[in-house]
Amino acid sequence: MESLRKETKIQINDDVYISRNDHNQLIILNLNTSMYFGLDSVGAVFWEYIKKHENVSAIIERLSQHFNVGEPIIRKDLENLVIQLKNKELVKIVN
């Protein structure tokens, strides 16, 4: 996958079910494919910002502020996460 553009939107697939445990970890399941992915508490924060924000630029800006980390590091981590989520058919990329 090429680098995410600023205006790119990450959309959660319709058939996704999310379960959160007591440790703020998430299990994300595609009900049609039975593909799933687990996120630790940091990954869960990324997921929450993916759900809330319209485009990659806004997600990166908010995550950078949340974690007090530079945007290039957040971008790389976000891209890696999105690749994994997309491969499991949990999100789709809308350009």
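Since this is a predicted model, take the numbers as computed values, not measurements.
- Linking ILVMFWY residues whenever their side-chain heavy atoms come closer than 4.5 Å, directly or via other members, leaves Leu26 and Leu29 in distinct clusters.
- Remark: Lys6 NZ is loosely packed, at most 12 non-hydrogen atoms of other residues, nucleotides or ligands lying under 6.0 Å away.
- Salt bridge annotation for Lys76-Glu79: absent, with no cationic side-chain nitrogen under 4.0 angstrom from a carboxylate oxygen.
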Do Trp47 and Ile18 pass the side chain to side chain contact (heavy atoms under 4.5 Å, CB included) test, and can you show the C-alpha distance, the side-chain angles, and the key distance before you say yes or no?
-> CA-CA 10 Å; Trp47 181 263; Ile18 301 159; 3.3 Å; yes

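- Within the model, atoms CZ of Arg20 and CD of Glu48 stand 5.0 Å from one another, a figure rounded to the nearest 0.5 Å.
- Asn13 places a side-chain N or O within donor-acceptor distance of the main-chain N or O of Glu89, the cut-off being under 3.5 Å.
- In the hydrophobic cluster analysis, where Ile, Leu, Val, Met, Phe, Trp and Tyr join through side-chain heavy atoms closer than 4.5 angstrom, Ile74 is grouped together with Ile59.
- Rounding to the nearest 0.5 angstrom, the gap separating the CD atom in Gln84 from the CD1 atom in Ile28 is 10.5 Å.
- A distance-only check finds a donor-acceptor pair linking the side chain of Asp40 to the backbone of Val42 [under 3.5 Å].
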Check step by step if side chain to side chain contact (heavy atoms under 4.5 Å, CB included) holds for Leu78 and Tyr49.
-> CA-CA 10 Å; Leu78 180 64; Tyr49 280 97; over 6 Å; no

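- In the hydrophobic cluster analysis, where Ile, Leu, Val, Met, Phe, Trp and Tyr join through side-chain heavy atoms closer than 4.5 angstrom, Ile27 is grouped apart from Val16.
- Between Leu63 atom CG and Phe46 atom CZ the span is 5.0 Å, to the nearest 0.5 Å.
- For Ser64 (side chain) and Val69 (main-chain N/O), a donor-acceptor pair under 3.5 Å exists by modelled atom type.
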Give the intermediate values and the outcome of side chain to side chain contact (heavy atoms under 4.5 Å, CB included) for residues Phe37 and Asn87.
-> CA-CA 10 Å; Phe37 193 77; Asn87 288 342; over 6 Å; no

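- Of the options Asn95, Val56, Ile83, Ile60, a side chain to side chain contact (heavy atoms under 4.5 Å, CB included) to Leu4 is made by Val56 and by none of the others.
- Between the CG atom in Leu85 and the CD1 atom in Ile10 there is a gap of 8.5 Å [rounded to 0.5 Å].
- Under a hydrophobic clustering in which Ile, Leu, Val, Met, Phe, Trp and Tyr are joined whenever their side-chain heavy atoms come within less than 4.5 Å, directly or via other members, Ile93 and Leu81 fall into the same cluster.
- Taking all atoms of both residues into account, the shortest heavy-atom contact from Leu90 to Met35 is CD2-O, 3.9 Å.
- Rounding to the nearest 0.5 Å gives a distance of 12.5 Å between CD1 of Ile12 and CG of Asp15.
- The NZ atom of Lys88 sits 11.0 Å away from the CG atom of Asn30 when rounded to the nearest 0.5 Å.
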